[in-house]
Visitor: 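My questions all concern the structure below.
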Protein chains: 2
Amino acid sequence: MPAPRQGLSELLERNAVRATPRRLEVLEELARERDDVTAQQLWSRLRERDSAAGLATVYRTLALLSEKGVVDVLSHHGGEQCYRLCGDAHHHHLLCERCHRVVEIQECGLDDWVAAAAKQHGFVATDHRVEIVGLCADCR
Amino acid sequence: MPAPRQGLSELLERNAVRATPRRLEVLEELARERDDVTAQQLWSRLRERDSAAGLATVYRTLALLSEKGVVDVLSHHGGEQCYRLCGDAHHHHLLCERCHRVVEIQECGLDDWVAAAAKQHGFVATDHRVEIVGLCADCR
DNA sequence: CGTGCGAATGAGAACCGTTATCGTTCTCGC
DNA sequence: GCGAGAACGATAACGGTTCTCATTCGCACG
Ligand SMILES: [Zn+2]
Ligand SMILES: [Zn+2]
Ligand SMILES: [Zn+2]
Ligand SMILES: [Zn+2]
């Protein structure tokens with residue numbers, strides 16, 4: 001599981017985000033998700049749980065959380081952003097192209113390769129993004 | 001430079017795209033760009049050159065060219081797609097976070113790493129995307 | 001307990017990149 | 001030239017995201 005159900009409030013405080021009821025609802029819903037979700041999906045799921053959260057608040061909260069580094073943003077759906085509550089450590093993602101499952105790759109180990117590739121073109125690397133697309137065990 | 005000015009017509013034919021004057025204008029403009037461009041940027045530059053190309057045609061052409069693998073699509077501007085005429089071979093991109101310069105990384109060499117990371121989580125990798133963000137030689 | 005003030009929120013309008021529609025124009029084999 | 005089909009330009013429509021603004025909430029202070 002990507003994050004413990006308990007301690008969501010602490011997770012917010014630790015990242016300098018004031019913990020409000022609405023933000024906790026959004027974070028709880030994110031913690032329930034195995035894969036990533038769009039803002040609108042998250043909003044309708046909250047609605048199904050009788051939350052009064054407005055769509056604007058969901059967008060605002062997700063923007064705030066991604067800005068503070070609490071959630072990851074994935075742009076693999078062309079035009080629509082996906083959000084996921086992941087671990088704190090640097091990691092990359094494995095995406096199933098059929099069922100859209102998202103799995104974290106914990107060990108990066110690409111720093112040397114990244115630095116070398118950057119240096120070769122006169123760049124200094126400050127960050128890198130890697131996504132592996134394929135078929136998960138269930139979809140093979 | 002990413003592509004020779006000559007042979008743009010052949011480039012289209014080779015990829016099963018009928019070479020029309022409008023498409024050649026779009027492709028010429030892409031070939032002029034060092035970095036990537038959005039559809040709207042490309043359209044306004046065509047307008048500056050007194051082209052009568054419509055915005056819809058620019059979008060249609062870019063969609064067609066990316067579908068046929070003639071141009072690369074980058075999604076690093078959140079909500080806005082960028083297009084670039086790159087080489088044919090598999091490659092990744094180096095992005096300058098300050099001036100938005102884009103450089104191709106020719107040697108990938110990550111296939112083994114990708115396959116291993118996928119296998120570790122029961123996936124079979126079919127593709128991968130890598131972007132290195134940093135500062136180019138001019139911006140350092 | 002009230003009171004007040006700034007942050008947060010909900011509803012809906014506005015925004016903006018992209019796509020669909022439709023009537024016209026172009027292309028190319030005949 | 002001619003005709004069928006592809007491509008095109010203008011513009012309306014679409015969908016995801018952000019903005020606006022009036023209201024509510026959270027919380028410190030009296
Ligand atoms: Zn993640
Ligand atoms: Zn799957
Ligand atoms: Zn490229
Ligand atoms: Zn630069």
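Here is how names work: the chains are called A, B, and so on, in the same order as the sequence lines, proteins then strands, and each is numbered from 1.
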Visitor: Can you name the residues that form a side-chain hydrogen bond (donor to acceptor under 3.5 Å, both in side chains) with B/Ser51, not counting sequence neighbours?
Guide: B/Glu25
Visitor: The criterion is ring-ring contact (aromatic ring centres under 6.0 Å, His included); which residues satisfy it with B/His92, sequence neighbours excluded?
Guide: B/His90, B/His128
Visitor: Could you check how far CZ of A/Arg22 sits from C1' of C/dA7, rounded to whole Å?
Guide: 15 Å
Visitor: Determine to 10° how strongly the helix from C/dC1-D/dG30 to C/dC30-D/dG1 is bent, judged from the axes of its five-pair ends.
Guide: 30°
Visitor: If we ignore hydrogens and angles and just use 3.5 Å, is the side chain of B/Asp35 paired with the main-chain N or O of B/Val102 as donor and acceptor?
Guide: yes
Visitor: Can you name the salt bridge (Lys or Arg N to Asp or Glu O under 4.0 Å) partners of B/Glu29, sequence neighbours left out?
Guide: B/Arg32, B/Arg49
Visitor: Going 5' to 3' along DNA chain D, which nucleotides are the first and last within contact of chain A (any atom under 4.0 Å from a heavy atom)?
Guide: D/dG16 to D/dC27
Visitor: Would a distance-only check, ignoring hydrogens and angles, find a side-chain to backbone donor-acceptor pair under 3.5 Å from A/Asp72 to A/Arg84?
Guide: no
Visitor: What residues, two or more places apart in sequence or in another chain, satisfy salt bridge (Lys or Arg N to Asp or Glu O under 4.0 Å) together with B/Arg140?
Guide: none
Visitor: Between B/Thr126 and A/Glu97, is there a side-chain donor-acceptor contact under 3.5 Å, judged purely by atom types and distance?
Guide: yes
Visitor: Using a heavy-atom distance cut-off of less than 4.0 Å, which residues of residues 47-54 of chain B contact DNA chain D?
Guide: B/Arg47, B/Ala52, B/Ala53, B/Gly54
Visitor: Using modelled atom types and a 3.5 Å cut-off, is there a donor and acceptor pairing between side-chain atoms of B/Glu104 and backbone atoms of B/Gly87?
Guide: yes
Visitor: Below 3.5 Å between N/O atoms, which protein atoms pair up with nucleotides 18-28 of chain C? Just atom names and distances, please.
Guide:
| unit_1 | atom_1 | unit_2 | atom_2 | d |
| --- | --- | --- | --- | --- |
| C/dT18 | OP1 | B/Gln81 | N | 3.0 |
| C/dT18 | OP2 | B/Tyr59 | OH | 2.6 |

Visitor: Quick one: salt bridge (Lys or Arg N to Asp or Glu O under 4.0 Å) partners of B/Arg47, sequence neighbours excluded?
Guide: none
Visitor: Can you tell me which residue pairs pass the ring pair (Phe, Tyr, Trp, His ring centres under 6.0 Å) test with a partner in residues 28-79 of chain A, sequence neighbours excluded?
Guide: A/His77-A/His100
Visitor: A/Asp138: which residues meet the side chain to side chain contact (heavy atoms under 4.5 Å, CB included) condition with it, sequence neighbours left out?
Guide: A/Arg101, A/Cys136
Visitor: Considering residues at least two apart in sequence or located in another chain, which fulfil the salt bridge (Lys or Arg N to Asp or Glu O under 4.0 Å) criterion with B/Arg45?
Guide: B/Glu33
